[in-house]
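A short worksheet on the structure shown next.
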Amino acid sequence: MLQTTKKEDPMSKKERTAIEPTRAENYAEWYQQVIRAADLAENSEVRGCMVIKPWGYAIWENIQRFLDEMFRETGHRNAYFPIFIPKSYFEKEAEHVEGFAKECAVVTHSKLEDDGKGGLKPAGELTEPYIVRPTSETIIGASFAKWVNSYRDLPLLINQWANIVRWEMRTRLFLRTTEFLWQEGHTVHESQAEAMDETLKMLDIYARFAQDYLAIPVIKGEKTEGEKFPGAVNTYCIEAMMQDKKALQSGTSHFLGQNFAQASNIRFQNREGEFQHAWTTSWGVSTRLIGALIMAHSDDNGLVLPPKIAPSHIAIIPIYRDEAEHAAVMALAKSINEAFKHTEFEGVRVYTELDDRDLTSSERNWYWIKKGIPLRVEIGPRDVASNSVMVARRDQGSREKRSVAVESVVEHCLQTLSAMQLNILEQALLFREANTVKIDGKDAFYAFFTPKNSQQPEIHGGFALSHWCGGSACEEKIKEDLKVTVRCIPFDSEPEQGKCVCCGQPSERRVIFAKSY
RNA sequence: CGGGAUGUAGCGCAGUCCGGUUAGCGCGCUCGGUUCGGGACCGAGAAGUCGGAGGUUCAAAUCCUCUCAUCCCGACCA
């Protein structure tokens, strides 16, 4: 009889990972598995829509809380507008219609009737169909037109937290779903300059939020004509690099000029007593940020969360064999758990999870590793004896643990949380820098973005800083050949003479090319 | 909407080509016990309209027709 041994060929031996496949093996599948393992969300019965589960929703609530505070500080106030937009409102801005028409859910009836076959059929057809908002410029514009009469009413700074619907063909949890949650700011200004200032100020806030809270370094820049928001004059964005070296647009801010003011008739009497159209802006971030968070930091053992955005910070895991040990260990675990009450780091309140479930200690450990909790505090009989505990950080190897004396455990953990926040940002920044290269010449450019194995493309490419003539023909050509687009024209790019990487025509500056989500 | 594939227990799958016991397996779940400092083990158990409707047949997860849904690849996107 054949004896099969557990011993593997030492060459192929590798540490077991909590997530399979690994990032290197199949990044797209890894992403799905991280979400499942961390229990963030799941696909619902409704096509293209997700159910956001408590651990995932708590992340969104933290995003909301911190951003909302920043909006308030800059003078914005929250309001709420209808989810339904009359079709006629929507039609007012031509480019806007063109951009969104293909992905709108339309409400045409107001009730259901017995269809005579044991089912129901829509009845009470509406005289005018409603569109479920894909964005709210037009419906908010209708209100703004009434609210704004004088330069004294300006600036008008409004934000709305809402759900929106965009009927997408292909969906991925958090990155692109039919319904998603977001925040949309809408502001009205007296002058072009003031509206532009506002547009850029909010982009700054997004960039700061991404770096300081999500620990995701972002590049601020302007979208090309082809990539901008339908109806906007200029669209600005923050772009982040994911671990598969693709770009993820993580937030946008639009200078709308007077386009929507004209469409919605937002007029005011200026200081000279003349009527003029106002200048408007809009800006938003969405639950997509959670997708960014996952793909920027997580590893082959599951989610990694920057402490400031984590729903909970410390898992306390008692380890014991019998009742006597259980009692002793739990006494210490509870007192430590208690000691964290009302503590904070970086202005963020600390939450703990005392996990006393009837599972093996390693099972409980891995549970929290996969959920991305920043710190794990293990407390066993040996710790009770030595009046210390073992502390493990999620941003380090799963076996790396450190013994910490009980009296200093709170201080140690709080300091470590702060340190982790910076370390995670630093790691993401190093990754992006290592994968951002200046590329000149068409051959080098094409080589950079072409996988070595076309059957099963490996993780390749990155951000290419290359010259572009500014022509949409070149942009299209590159998109067609390589699925690579101009992610943005970065603000910090220095003017520099060069040749377009596609057509060789003179170019004034480098832009960021990348594959994107 | 075009091209490809798949629907069998909570999840992942085998069985379908070539119809024939009571539809299996792994994980998970429940109960009991031994365990517990890196994903434990033993024993027992529960759980399935085989996506749906119709047909062929003595007999259908298996063959035929229709239908619904999902996934992947394209066109679109925060």
Side-chain angles (χ1 to χ4, degrees), chain A residues 15-20 26 28-29 32-33 36-37 42-48 98-104 134-135 162-172 174-184 206 223 226-230 232 235 237-240 247-254 282-292 301-302 317-323 325-326 329 356-370 376-386 388-390 392 397-401 403 455 457 479-480 483 485 487 516-517:
Chain A
E15 182 109 344
R16 180 183 169 192
T17 57
I19 304 296
E20 301 213 353
N26 184 342
E29 181 63 19
Q32 309 267 57
Q33 294 305 325
R36 187 211 284 254
E42 61 189 25
N43 280 306
S44 82
E45 303 301 304
V46 183
R47 178 204 184 98
E98 204 185 322
F100 285 109
K102 278 175 283 184
E103 50 188 51
C104 286
T135 179
N163 60 335
I164 60 178
V165 167
R166 293 183 187 175
W167 212 269
E168 301 288 352
M169 288 298 158
R170 293 178 60 191
T171 58
R172 288 184 79 186
F174 293 117
L175 296 177
R176 178 165 301 110
T177 47
T178 299
E179 181 191 20
F180 59 97
L181 306 181
W182 80 346
Q183 136 301 294
E184 48 180 325
Y206 288 156
K223 283 293 184 192
E227 298 269 332
K228 74 176 194 192
F229 177 76
T235 287
C237 63
I238 52 173
E239 293 283 332
L248 182 73
Q249 179 176 311
S250 308
T252 49
S253 187
H254 315 292
S282 68
W283 26 274
V285 296
S286 70
T287 37
R288 178 177 247 202
L289 285 177
I290 297 174
N301 284 328
I317 301 169
I319 299 164
Y320 49 87
R321 275 169 302 203
D322 52 39
E323 266 315 306
E325 284 183 356
H326 181 241
V329 163
D356 187 30
R357 288 177 298 168
D358 185 20
L359 298 167
T360 64
S361 57
S362 44
E363 186 66 29
R364 284 175 282 151
N365 245 316
W366 281 102
Y367 174 87
W368 290 108
I369 290 172
K370 287 184 279 192
R376 303 189 309 285
V377 173
E378 294 180 24
I379 305 173
R382 294 208 291 270
D383 300 307
V384 172
S386 64
S388 64
V389 298
M390 298 300 288
S398 67
R399 289 170 185 280
E400 284 182 52
K401 283 184 275 191
S403 179
Q455 296 302 307
K479 187 175 180 181
E480 188 134 322
K483 292 182 194 164
T485 49
R487 296 324 303 154
S516 73
Y517 279 95

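Quick note: numbers below take in every heavy atom, side chains included, and nothing from hydrogens, waters or symmetry partners. The structure presented is a predicted model; accordingly, all values stated were derived computationally and were not measured. Lettering follows sequence order; numbering is per chain, from 1.
Checked against side chain to side chain donor-acceptor pair (under 3.5 Å), Ser361(A) has no partners two or more places apart in sequence or in another chain. For Thr178(A), the side chain to side chain contact (heavy atoms under 4.5 Å, CB included) test picks out Cys49(A), Val165(A), Trp167(A), Thr171(A), with sequence neighbours left out. For Lys223(A), the side chain to side chain donor-acceptor pair (under 3.5 Å) test picks out Glu239(A), Gln249(A), with sequence neighbours left out. Residues satisfying the salt bridge (Lys or Arg N to Asp or Glu O under 4.0 Å) criterion with Glu325(A), sequence neighbours excluded, are Arg321(A).
By the criterion of a centre-to-centre distance under 5.5 Å and near-parallel planes under 30°, the ring of Phe180(A) forms a stack with the base of A78(B).
Across all strands shown, Leu175(A) has heavy atoms under 4.0 Å from base atoms, whether or not it also approaches the sugar-phosphate. Using a 4.0 Å heavy-atom cutoff across all strands shown, Glu168(A) reaches at least one base atom of the nucleic acid. Within the 4.0 angstrom heavy-atom criterion, base atoms lie near Thr177(A).
The pairing partner recorded for G12(B) is C25(B), the criterion being a Watson-Crick or G-U wobble arrangement whose two distances lie under 3.5 angstrom. The partner of A69(B) is U6(B), by the rule that a Watson-Crick or G-U pair needs both atom distances under 3.5 Å. Across the strands present, C58(B) finds its partner in G20(B); the criterion is a Watson-Crick or G-U wobble pair with both atom distances under 3.5 angstrom. Remark: C76(B) base-pairs with no nucleotide in the shown strands. Criterion, Watson-Crick or G-U wobble with two distances under 3.5 Å. Across all strands shown, U30(B) forms a Watson-Crick or G-U wobble pair with A44(B), both key distances being under 3.5 Å.
Between the CG atom of Asn163(A) and the P atom of A78(B) there is a distance of 18 Å, given to the nearest Å. Atom-to-atom, CD of Glu98(A) to C1' of C76(B) comes out at 13 Å; the value is rounded to the nearest Å. At whole-Å resolution of the value, CD in Gln249(A) and C1' in C76(B) are 14 Å apart. Taking atom OH on Tyr517(A) and atom P on C76(B), their separation rounds to 19 Å, with Å as the unit.
Around CD of Gln32(A), the count of heavy atoms belonging to other residues, nucleotides or ligands within 6.0 Å exceeds 12.
No donor-acceptor pair under 3.5 Å is formed between the side chain of Arg364(A) and the backbone N or O of Asp358(A). In this structure a side-chain-to-backbone donor-acceptor pair under 3.5 Å is present from Asn301(A) to Ala18(A). Proximity of a side-chain donor or acceptor of Glu168(A) to a complementary backbone N or O of Thr177(A) within less than 3.5 Å is not detected.
Between G51(B) and G7(B), the distance separating the two C1' atoms is 6 Å to the nearest Å. Comparing the same atom, C1', in C27(B) and in A69(B) gives a spacing of 25 Å after rounding to whole Å. Atom name C1', nucleotides G24(B) and G38(B): the rounded distance is 34 Å, in whole Å. G43(B) and C64(B) have their P atoms separated by 43 Å, with the value rounded to a whole Å. Comparing G19(B) with C63(B), their P atoms sit 9 Å apart, to the nearest whole Å. As rounded to the nearest Å, C29(B) and U6(B) have P atoms that lie 31 Å from one another. Distance check on atom P: G55(B) versus U62(B) gives 14 Å, rounded to whole Å. The separation of A61(B) from C50(B), taken at their C1' atoms, amounts to 5 Å, rounded to a whole angstrom.
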Could you write nucleotides 36-41 of chain B as a row of B, S and -, 5' to 3', where a protein heavy atom under 4.0 Å of any base atom gives B, of only sugar-phosphate atoms gives S, and otherwise -? BBBBB-
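Ion pair Arg166(A)/Glu179(A) not flagged as a salt bridge, since none of the NZ, NE, NH1 or NH2 atoms sits closer than 4.0 Å to an Asp/Glu carboxylate oxygen. One finds a salt bridge joining Glu378(A) and Lys401(A) here, because a Lys/Arg side-chain nitrogen approaches an Asp/Glu carboxylate oxygen to under 4.0 Å.
Closest non-hydrogen pair, Gly291(A) versus Phe174(A), comes out as N-CB, 3.8 Å.
Between Lys102(A) and C1(B), a side-chain N or O to OP1/OP2 separation shorter than 4.0 Å is absent.
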Look for any protein N or O under 3.5 Å of an N or O in nucleotides 3-14 of chain B and output each such pair with its distance, or none.
none

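Between Gly99(A) and Gln32(A), the residue whose closest nucleotide on RNA chain B is further toward the 5' end is Gln32(A).
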